[in-house]
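What follows is a short report on a single structure.
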Amino acid sequence: MAFENKFIQQRIEKAQLLKDAGFNPYSNESKRNTTIEKYLNVNSDIEDKEDKRDENRHYCVSGRIKLLRIMGKASFAKIEDESGMLQVYIARDNLPEDFYNTIFKKNIEVGDIIEVSGYPFVTGKGELSLHATELKLLTKAIAPLPEKFHGVTDKEIRYRKRYLDLIMNAEVRKTFKTRSKVISLTRRFFEDKGFLEVETPMMHPIAGGANAKPFVTHHNALGIDRFLRIAPELYLKRLIVGGFEAVFEINRNFRNEGMDATHNPEFTSIEFYWAYKTYKDLIEITKEYFQYLFEHLNLPSLLPYGDMEVNFDNFVEIPLIESLTTIGGVPAEVVNDKEKIVEFLKSKNLTVKPGMNLGQLQGELFDEYVEEKLIDPTFITEYPVEISPLARRSDDNPDITERFELFIAGREIANAFSELNDPVDQYERFKGQVDAKDAGDDEAHEMDEDFIDALSYGMAPTAGQGIGIDRLVMLLTNEHSIRDVLLFPAMKPIHNEEKITQEEE
RNA sequence: GUCUUGUUAGCUCAGCUGGUAGAGCACGUCACUUUUAAUGAUGUGGCCGAUGGUUCGAAUCCAUCACAGGACACCA
């Protein structure tokens, strides 16, 4: 039953008392004429005045009451709007007869949203405040706020009731503002470079463009299943075929896989595709992109992340095979020999799936021995062709691709390559994926004949890249769980025992 | 998916090897016209996550379930 909590009952009664006294507890007649931040800025000169006040100035601010100190015939309240926090001084004798005692003291409390008019002054303790001459309730909060000092720290409550988390924790609001800025800066960066923002389908007939298990939904009108997209790649490349030369999309992908500190079933990425460029150009634009972000977010190039320090003046570039020996410490005679890698991994008590090819085994070695050691931004290049089904082969060595992944603070941030535009090679690689799928790899690609068809018309030489926005934001805000950079992270529904019993009866 | 830790008042947390609940904040009442987590006095508030079991007796021990955190696996 809703509203059964005794505190809520008590506050509903207060709202009723206000109505009875002729005060609308949910008034929408707001006269606010400034924000708290502006108020504090504009009136910062008050403390230099002789009597530390200016009764000729008049402002009206609104906000939620976060703290309330009632001291007999006068009170202090801290109210907060999106821009900041302001102390308000409310004295009985400055308000209409009886309003202070019967309305304010009895029926207005922490959590309520009020509007206060008055003039600026500085208190004896030196805090610029607002001296109230008028006070009005805008919204009665019938649920009490969490404890004023500790706030709400329970992660389950914070994620399920993000609004409460946002009310109580200013640093959480800051993180999400930074997230918003990152997305907006990203958009501006690519637009300024002449990229065209596009939207491609979220529901795909074939889930392609990545190795992942898709969510399935059903389209009744057509009587067919649809897959929520796992990546926009194949559609964006169709647009390059169509003649757009630089496109990007910032949007959600969906993967039906496990959840943990770095994985949410829906996550945001930017993918961009750039005709007549190669992965080498992508390395350059990536460096430029980070520089742009750091400049506009005012971040230090020596960025702290947990107990690490990431040096963004030190971008490193190293081929994957080389990284296995120089960074991973894997013996040189092992890294290019399938049997020796299997032997090596087994000797380290690591499980090796049967039937893995050389490229996959090298990928295993990389994940096991190199990835977590890549703290400063590192472009790992020259990926084996077996684990890069959509990337162009190197002209010098058909076993490797013109690809890189960017790692920062031990985590993959971006994946990029010169795109495979040979339709026959792409067809063969899809077939290889289909064989892998038939052999039990349920994350292997499916054959996408329509995409082959598109490539058949000719896709200009193109380079494309994907950047995980959530992980990027984690890095830039020093957050260590993806849930802390998602406003509403995926949560299991709360099991309602009562409801279930009723349904069973 | 596996392992592990947790779940006690609206919130933050105590509660020892079993004897049916405590604090602070919040809330109610009273006092207080410059406070800073205001203060002082006083009071209300709980099916101890759910269901079973062991026991004379369970917040406490055991089992199952639910949800969450962390780690691992898979992946981005």
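Chain identifiers are assigned alphabetically (A, B, ...) following the order of the sequence lines, protein sequences preceding nucleic acid strands; residue numbering begins at 1 within each chain.
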Whole angstrom value for the distance that separates [atom2] of [N] from [atom1] of [X]:
{"X": "A/Tyr383", "N": "B/A76", "atom1": "OH", "atom2": "C1'", "answer": "12 Å"}
{"X": "A/Glu271", "N": "B/A76", "atom1": "CD", "atom2": "C1'", "answer": "11 Å"}
{"X": "A/Lys155", "N": "B/U12", "atom1": "NZ", "atom2": "P", "answer": "13 Å"}
{"X": "A/Asn5", "N": "B/G28", "atom1": "CG", "atom2": "P", "answer": "13 Å"}
{"X": "A/Tyr163", "N": "B/C11", "atom1": "OH", "atom2": "P", "answer": "11 Å"}
{"X": "A/Met259", "N": "B/C67", "atom1": "CE", "atom2": "C1'", "answer": "12 Å"}
{"X": "A/Gln465", "N": "B/A76", "atom1": "CD", "atom2": "C1'", "answer": "14 Å"}
{"X": "A/Glu13", "N": "B/U44", "atom1": "CD", "atom2": "C1'", "answer": "14 Å"}

Please tell me which of the listed nucleotides, [options], lies nearest to the side chain of [X]?
{"X": "A/Phe7", "options": "B/A26, B/C67, B/A76", "result": "B/A26"}
{"X": "A/Gln10", "options": "B/C27, B/C11, B/A37", "result": "B/C27"}
{"X": "A/Arg160", "options": "B/A76, B/U34, B/C67", "result": "B/C67"}
{"X": "A/Lys78", "options": "B/C27, B/U36, B/U12", "result": "B/U36"}
{"X": "A/Phe76", "options": "B/G69, B/C30, B/U34", "result": "B/U34"}
{"X": "A/Lys14", "options": "B/G70, B/U34, B/C27", "result": "B/C27"}
{"X": "A/Arg53", "options": "B/U29, B/U34, B/G28", "result": "B/U34"}
{"X": "A/Thr123", "options": "B/U36, B/A76, B/A26", "result": "B/U36"}
{"X": "A/Ile70", "options": "B/A76, B/U12, B/C32", "result": "B/C32"}
{"X": "A/Gln87", "options": "B/A37, B/U36, B/G70", "result": "B/U36"}

Atom [atom1], compared across [N] and [M]: separation rounded to whole Å:
{"N": "B/A73", "M": "B/G57", "atom1": "P", "answer": "47 Å"}
{"N": "B/G19", "M": "B/G43", "atom1": "P", "answer": "27 Å"}
{"N": "B/A38", "M": "B/C47", "atom1": "P", "answer": "29 Å"}
{"N": "B/C30", "M": "B/U12", "atom1": "C1'", "answer": "27 Å"}
{"N": "B/U55", "M": "B/A68", "atom1": "P", "answer": "35 Å"}
{"N": "B/A59", "M": "B/A21", "atom1": "C1'", "answer": "8 Å"}
{"N": "B/A37", "M": "B/U29", "atom1": "C1'", "answer": "23 Å"}
{"N": "B/G53", "M": "B/C25", "atom1": "C1'", "answer": "39 Å"}

Do the side-chain N or O atoms of [X] get closer than 4.0 angstrom to the phosphate oxygens (OP1, OP2) of [N]?
{"X": "A/Arg69", "N": "B/A38", "result": "yes"}
{"X": "A/Lys6", "N": "B/A9", "result": "no"}
{"X": "A/Arg483", "N": "B/G70", "result": "yes"}
{"X": "A/Thr153", "N": "B/C13", "result": "yes"}
{"X": "A/Lys66", "N": "B/C25", "result": "no"}

Reckon [X] touches a base, only the sugar-phosphate, or nothing at all at heavy-atom distances under 4.0 Å?
{"X": "A/Asn264", "result": "base"}
{"X": "A/Gly151", "result": "sugar-phosphate"}
{"X": "A/Ile157", "result": "sugar-phosphate"}
{"X": "A/Met491", "result": "sugar-phosphate"}
{"X": "A/Gly124", "result": "base"}
{"X": "A/Phe121", "result": "base"}
{"X": "A/Asp154", "result": "sugar-phosphate"}

Ignoring hydrogens and angles, state whether a donor on the side chain of [X] or [Y] is under 3.5 Å from an acceptor on the partner side chain.
{"X": "A/Ser62", "Y": "A/Glu115", "value": "yes"}
{"X": "A/Thr35", "Y": "A/Asp81", "value": "no"}
{"X": "A/Asp484", "Y": "A/Tyr159", "value": "yes"}

Is there a side-chain contact between [X] and [Y], using heavy atoms and a 4.5 Å cut-off?
{"X": "A/Met447", "Y": "A/Gln433", "answer": "no"}
{"X": "A/Leu365", "Y": "A/Leu324", "answer": "yes"}
{"X": "A/Phe254", "Y": "A/Pro214", "answer": "no"}
{"X": "A/Arg255", "Y": "A/Glu266", "answer": "no"}

(request) For A/Ser481 and for A/Glu364, find the nucleotide of RNA chain B with the closest heavy atom, then tell me which residue's nucleotide is more 5'. (result)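 Result: A/Ser481.
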
(message) Assuming nearest nucleotide by heavy-atom distance, tell me which of A/Arg92 and A/Arg11 is located more 5' along RNA chain B.
(response) A/Arg11

(request) Evaluate the ring planes of A/Phe344 and A/Tyr369, with Trp represented by its six-membered ring, and classify them as parallel (under 30°), tilted (30 to 60°) or perpendicular (over 60°). (result)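 It falls in the tilted class, 30° to 60°.
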
What about [X] and [Y], are their ring centers closer than 6.0 Å?
{"X": "A/Phe99", "Y": "A/Phe104", "answer": "no"}
{"X": "A/Trp274", "Y": "A/Phe248", "answer": "no"}
{"X": "A/Phe404", "Y": "A/Phe379", "answer": "yes"}
{"X": "A/Phe272", "Y": "A/Phe195", "answer": "yes"}
{"X": "A/His131", "Y": "A/Phe121", "answer": "yes"}
{"X": "A/Phe366", "Y": "A/Phe407", "answer": "yes"}

(request) Tell me which residues in residues 125-149 of chain A put a heavy atom below 4.0 Å from RNA chain B, sorted by number, or none. (result)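 Within this stretch, A/Lys125, A/Glu127, A/Pro146, A/Glu147, A/Lys148, A/Phe149 sit under 4.0 Å of the strand.
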
(request) Name all stems that contain residues of RNA chain B, defined as runs of 3 or more consecutive Watson-Crick or G-U wobble pairs, both distances under 3.5 Å. (result)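 Expected stems, ordered by start: B:1-7 with B:66-72, B:10-13 with B:22-25, B:27-31 with B:39-43, B:49-53 with B:61-65.
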
(request) Go through the N and O atoms of the side chain of A/Glu156 and the base of B/U7, and report whether any donor-acceptor pair is under 3.5 Å. (result) no

(message) Given the structure, check if the side chain of A/Asp260 and the base of B/C72 hold any donor-acceptor pair shorter than 3.5 Å.
(response) no

(request) Would you say whether A/Phe267 stacks on B/A76? The test is a distance between ring centres of less than 5.5 Å and an angle between planes of less than 30°. (result)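 Ring-base stacking flag set for A/Phe267 and B/A76.
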
